[in-house]
Amino acid sequence: MIEDELRAAFARHEELAPPTGPVRAAIDRAVTRGRRRRRRVRLAGTALSVAATALVGFTVVAPGPPAPAPPAARPTPTPEGAMNVLLLGVDQAGPDRRADSILLVHVPADRSRLYLVSIPRDLLVPMPDGTSTGKINATFSRAAASGDLAAGYRATRQAVGRLTGVRVDAGAVLTYAATRELTDAVGGVPVCLPAPVRSVHTERRFPTGCQRLDGAQAVDLLRQRYGLREGGLDRDRNATRYAAGLLRQVRERGTLTDPARLGRLVGEIGPGLTVDTGGTTLPLLLSLVARAAAAEPVALGLPIRYDDWTDRGFVQPDPTLAPGFLEALRADRVAGWTAAHPDHVTPLRQR
């Protein structure tokens, strides 16, 4: 009964339902329009992407105005006139590292020879802060407290410039470790001693006369001042003897005039070497030194006197001799001064 009534109800409503063909056609048209809209959106997005990519690519790779050619390197002019090179030998590592050896190498304008001028490490000078005085070797330690060898060199260079009145054109810092490596790298350094030296550190004995030192021996000798007749002054003289022997050794090996050998030598020394070439290049600077080093160098010390309060170990420039020497240094007349004061010249070889 119920099933027959339901069939009759569906039959009556089926007559009222619209035909399905037009409805399906309308649905198909709506779906097609939606697909077209989505396709246009996708195409528009793709076009924008292609345009952006093309624009970016053009910005990166499209040739722009030609870049100006770099200016041709100007040749470094050969320095004229006298030059002064500051060499510092510094002691053990640490915040209190001091310049134990201070050597000013004077290269005269005629490049006839080198003058090795030792400056006592105990010389009393104004400190860089301008408010106190102290030993000149302390200028290095105050500036290099953080381990910066270049800062210590700059401070000592300024102190030497104020003391002498000459321009320091270039320089270098050698630690004891670098000195040992350098000595071994050149095959040892000949040093001639006027008196025997006994090391208070190793008990090693250095006899009177000429001997070739390896790296460890050279550092041991350069550290000695206790037991020497004039203490630190004799150590300065031994430092100039070592420097003269080193110059002789590298000159005979042709290192100063051979860039390849020089490069290998610097590479063997390591970080204990700091070089300041000033306004010139290292090869040009060394070529000038090599020319002057062809003759035997002359070693001498800044004329000094011990101060009255020697319990603190200070020395001061000799008021009689130092002014004349410094004037000769500034005027590039050191040859004349040494000829007039032969007793201030340090003998480098055995007579």
Side-chain angles (χ1 to χ4, degrees), residues 79-88 101-125 136 156-157 159-171 191-195 208 210 228-248 251 288-308 310 314-351:
E80 298 179 354
M83 296 183 64
N84 297 284
V85 180
L86 180 64
L87 303 180
L88 304 180
S101 297
I102 304 174
L103 191 65
L104 186 66
V105 181
H106 178 72
V107 187
D110 62 7
R111 313 297 188 232
S112 56
R113 66 178 64 245
L114 299 177
Y115 293 88
L116 311 179
V117 182
S118 61
I119 298 175
R121 70 166 202 160
D122 296 328
L123 194 69
L124 186 65
V125 298
I136 192 170
T156 306
R157 181 187 64 191
V160 170
R162 287 192 299 265
L163 169 70
T164 62
V166 302
R167 182 186 70 250
V168 176
D169 301 283
V191 174
C192 298
L193 298 176
T208 302
C210 298
L228 302 184
R229 180 179 176 184
E230 293 193 78
L233 296 182
D234 277 337
R235 177 166 68 176
D236 291 341
R237 296 182 182 110
N238 287 337
T240 59
R241 293 183 178 104
Y242 170 83
L246 177 62
L247 280 170
R248 191 180 311 124
R251 182 190 65 209
L288 297 176
V289 172
R291 178 181 168 188
E296 185 75 4
V298 174
L300 63 158
L302 173 70
I304 58 95
R305 68 173 175 85
Y306 283 97
D307 195 44
D308 293 337
T310 55
F314 289 104
V315 298
Q316 291 186 335
D318 187 301
T320 303
L321 292 175
F325 170 74
L326 293 176
E327 175 58 29
L329 184 64
R330 291 189 290 267
D332 193 21
R333 295 198 302 267
V334 181
W337 192 92
T338 55
H341 302 84
D343 53 327
H344 281 76
V345 175
T346 299
L348 299 177
R349 294 181 186 253
Q350 296 299 109
R351 290 194 176 100

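In what follows, residues are counted from 1 in the order of the sequence shown.
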Step by step, work out the side chain to side chain contact (heavy atoms under 4.5 Å, CB included) result for Leu321 and His341. CA-CA 10 Å; Leu321 292 175; His341 302 84; 3.8 Å; yes
How many angstroms lie between atom [atom1] of [X] and atom [atom2] of [Y], to the nearest 0.5 angstrom?
X: Asp318; Y: Phe325; atom1: CG; atom2: CZ; answer: 12.0 Å
X: Leu124; Y: Gln316; atom1: CG; atom2: CD; answer: 5.5 Å
X: Leu246; Y: Arg251; atom1: CG; atom2: CZ; answer: 11.5 Å
X: Leu300; Y: Leu116; atom1: CG; atom2: CG; answer: 8.0 Å
X: Leu88; Y: Leu103; atom1: CG; atom2: CG; answer: 9.0 Å

Judged by atom type as modelled, is there a donor-acceptor pair below 3.5 Å linking the side chain of [X] to the main-chain atoms of [Y]?
X: Arg330; Y: Thr164; answer: yes
X: Arg157; Y: Ala170; answer: no
X: Arg113; Y: Glu296; answer: yes

Verdict with reasoning, Thr208 to Leu193, per side chain to side chain contact (heavy atoms under 4.5 Å, CB included): CA-CA 5 Å; Thr208 302; Leu193 298 176; 5.8 Å; no
Of all heavy-atom pairs between [X] and [Y], which one has the smallest distance, and what is that distance?
X: Pro303; Y: Ala322; answer: O-CB, 3.7 Å
X: Tyr242; Y: Val191; answer: CA-CG2, 3.9 Å
X: Ala328; Y: Trp337; answer: CB-CB, 3.9 Å
X: Arg167; Y: Asn84; answer: O-ND2, 3.4 Å
X: Ile136; Y: Pro120; answer: CG2-O, 3.3 Å
X: Ala299; Y: Leu348; answer: CB-CD2, 3.7 Å

Of Asp122, Leu233, Ile119, which meets side-chain contact (heavy atoms from CB on, under 4.5 Å) against Ile304? Leu233
May I have the step-by-step check of side-chain hydrogen bond (donor to acceptor under 3.5 Å, both in side chains) for Asn238 and Arg235, ending in yes or no? CA-CA 5 Å; Asn238 287 337; Arg235 177 166 68 176; over 6 Å; no
For Glu80, which residues count as a salt bridge (Lys or Arg N to Asp or Glu O under 4.0 Å) partner, sequence neighbours excluded?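 Glu80 satisfies salt bridge (Lys or Arg N to Asp or Glu O under 4.0 Å) with no other residue.
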Would you say Leu288 and Met83 make side-chain contact, with heavy atoms under 4.5 Å?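 Heavy-atom side-chain distance check passes, below 4.5 Å.
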